[in-house]
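The structure appears below as structure tokens.
When reading the values below, keep in mind they use all heavy atoms of this one structure, side chains included, and skip hydrogens, waters and symmetry mates.
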Amino acid sequence: MKKIYPHITIENCKEAIEFYAEVLDGQIKNTKLADGIEMFKGHEGKYIHAELHFPNGFVIYFNDVFGHTPIKGNNIEIGLDLESENEINKIYGALSKDGKVGMELQTTFWNAIYGKVTDKFGITWELNYQKE
């Protein structure tokens with residue numbers, strides 16, 4: 001495993017990340033708008049991804065809400081940036097057993113294998129293996 005990161009899904013992501021950047025003295029990086037991406041049609045102007053970086057190397061990931069309203073307290077997920085295809089398959093299999101798959105493992109437009117699983121304890125995990 002390369003790293004673990006929190007991921008916050010929030011209404012008005014742009015406003016929220018700017019607020020947290022000011023309050024926490026972070027720097028906004030790597031923003032990606034939904035504009036021009038077919039699967040996000042109708043959500044133009046919303047962030048599908050944004051990062052808040054801190055001097056110590058810590059990063060919080062953010063995105064806007066798409067199609068569902070998160071329940072406050074359930075809008076934070078734990079992301080794992082994994083080192084290999086074998087590792088992501090192993091972890092995905094273990095977490096999805098007796099859990100609920102939110103997104104099947106698949107190759108993404110950002111050249112990664114990605115999936116989302118809520119485990120049997122109700123914790124949602126984002127799994128990402130960035131291909132070389």
Side-chain angles (χ1 to χ4, degrees):
M1 186 177 324
K2 294 179 186 177
K3 65 181 174 180
I4 298 174
Y5 52 88
H7 192 148
I8 299 173
T9 299
I10 193 164
E11 294 277 358
N12 304 313
C13 182
K14 184 178 188 310
E15 179 184 343
I17 197 170
E18 288 172 354
F19 171 77
Y20 292 124
E22 184 177 334
V23 170
L24 302 172
D25 197 28
Q27 183 179 13
I28 300 168
K29 295 183 179 182
N30 303 322
T31 60
K32 177 72 175 162
L33 289 171
D35 301 26
I37 300 174
E38 185 61 33
M39 71 184 288
F40 294 103
K41 190 173 178 119
H43 296 284
E44 290 77 10
K46 289 187 171 186
Y47 282 137
I48 61 172
H49 183 80
E51 300 173 4
L52 186 57
H53 288 248
F54 300 92
N56 63 0
F58 186 70
V59 179
I60 301 173
Y61 291 176
F62 289 82
N63 68 274
D64 263 299
V65 174
F66 296 96
H68 70 283
T69 303
I71 299 167
K72 289 186 180 181
N74 289 346
N75 57 333
I76 297 176
E77 301 170 346
I78 305 298
L80 302 178
D81 191 10
L82 302 164
E83 295 191 41
S84 70
E85 195 165 342
N86 286 338
E87 185 179 34
I88 196 170
N89 285 318
K90 177 183 170 194
I91 292 172
Y92 176 85
L95 291 174
S96 60
K97 184 178 181 194
D98 300 322
K100 181 180 176 187
V101 173
M103 181 180 230
E104 296 281 345
L105 277 183
Q106 57 193 270
T107 300
T108 65
F109 64 85
W110 63 88
N111 196 34
I113 297 173
Y114 176 88
K116 189 182 286 193
V117 177
T118 301
D119 69 21
K120 64 183 177 181
F121 299 105
I123 305 300
T124 300
W125 299 87
E126 288 185 288
L127 308 175
N128 191 77
Y129 164 60
Q130 188 65 49
K131 295 179 181 182
E132 299 298 319

Tell me whether the count of non-hydrogen atoms from other residues, nucleotides or ligands lying under 6.0 Å of [atom1] in [X] goes above 12.
| X | atom1 | answer |
| --- | --- | --- |
| Tyr20 | OH | no |
| Lys2 | NZ | yes |
| Phe54 | CZ | yes |
| Lys97 | NZ | no |

Can you check whether [Y]'s main-chain N or O pairs, donor with acceptor, with [X]'s side chain at less than 3.5 Å?
| X | Y | answer |
| --- | --- | --- |
| Asp64 | Cys13 | yes |
| Asp119 | Gly122 | yes |
| Gln130 | Trp110 | yes |
| Thr108 | Ala112 | yes |
| Ser84 | Glu87 | yes |
| Glu83 | Met1 | yes |
| Asp35 | Gly45 | yes |

Open item on the list: If you compare all heavy atoms of Asn30 against all heavy atoms of His53, which two are closest, and at what distance to 0.1 Å?
Closed with: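 Answer, listing the atom of Asn30 first, then His53: ND2-NE2, 3.9 Å.
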TODO: Looking only at non-hydrogen atoms, find the nearest pair between Leu105 and Gly115 and report the distance.
DONE: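 Minimum heavy-atom separation between Leu105 and Gly115: CD2-N, 3.7 Å.
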Task: Tyr92 and Glu104: side chain donor to acceptor below 3.5 Å - done: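 Looking only at side-chain atoms, Glu104 and Tyr92 do form a donor-acceptor pair, the distance falling under 3.5 Å.
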- [ ] Indicate whether the side chain of Tyr114 and that of Gln106 have a donor and an acceptor atom separated by less than 3.5 Å.
- [x]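 Short answer, no.
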Open item on the list: Assess the residue pair Leu24 and Phe19 against the criterion (side-chain contact (heavy atoms from CB on, under 4.5 Å)); give the C-alpha distance rounded to whole Å, side-chain angles, the decisive distance to 0.1 Å, and a yes or no.
Closed with: CA-CA 8 Å; Leu24 302 172; Phe19 171 77; over 6 Å; no
Open item on the list: Between Lys41 and Met39, does the side-chain contact (heavy atoms from CB on, under 4.5 Å) criterion hold? Intermediate values first, please.
Closed with: CA-CA 6 Å; Lys41 190 173 178 119; Met39 71 184 288; over 6 Å; no
Task: Geometric cation-pi criterion, Lys46 with Phe66: 6.0 Å, 45° - done: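 So Lys46 does make the cation-pi contact.
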Check: [Y] and [X] side chains under 4.5 Å, non-hydrogen atoms:
| X | Y | result |
| --- | --- | --- |
| Ile28 | Leu52 | yes |
| Trp125 | Ser96 | no |
| Leu82 | Leu127 | yes |
| Leu33 | Phe40 | no |
| Asn12 | Val65 | no |

Open item on the list: Evaluate Lys131 against Thr107 for side-chain contact (heavy atoms from CB on, under 4.5 Å), listing each step before the verdict.
Closed with: CA-CA 9 Å; Lys131 295 179 181 182; Thr107 300; 3.3 Å; yes
Are [Y] and [X] linked, directly or through intermediate hydrophobic residues, by side-chain heavy-atom contacts shorter than 4.5 Å (ILVMFWY only)?
| X | Y | value |
| --- | --- | --- |
| Val117 | Ile78 | yes |
| Ile88 | Ile123 | yes |
| Ile76 | Phe62 | yes |
| Phe109 | Tyr61 | no |
| Leu80 | Tyr5 | no |

TODO: Take Lys116 and Glu77 through the salt bridge (Lys or Arg N to Asp or Glu O under 4.0 Å) test and state the conclusion after the steps.
DONE: CA-CA 10 Å; Lys116 189 182 286 193; Glu77 301 170 346; 3.3 Å; yes
TODO: Assign the ring pair His49 / His7 to parallel, tilted or perpendicular, where the plane angle (0 to 90°) is split at 30° and 60°.
DONE: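 Judged by the thresholds at 30° and 60°, the geometry between His49 and His7 is perpendicular.
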Task: Test side chain to side chain donor-acceptor pair (under 3.5 Å) applied to Thr9 and Asn75, Thr124, Asn63, the passing residue - done: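 Testing each of Asn75, Thr124, Asn63 against Thr9, the sole residue satisfying side chain to side chain donor-acceptor pair (under 3.5 Å) is Asn63.
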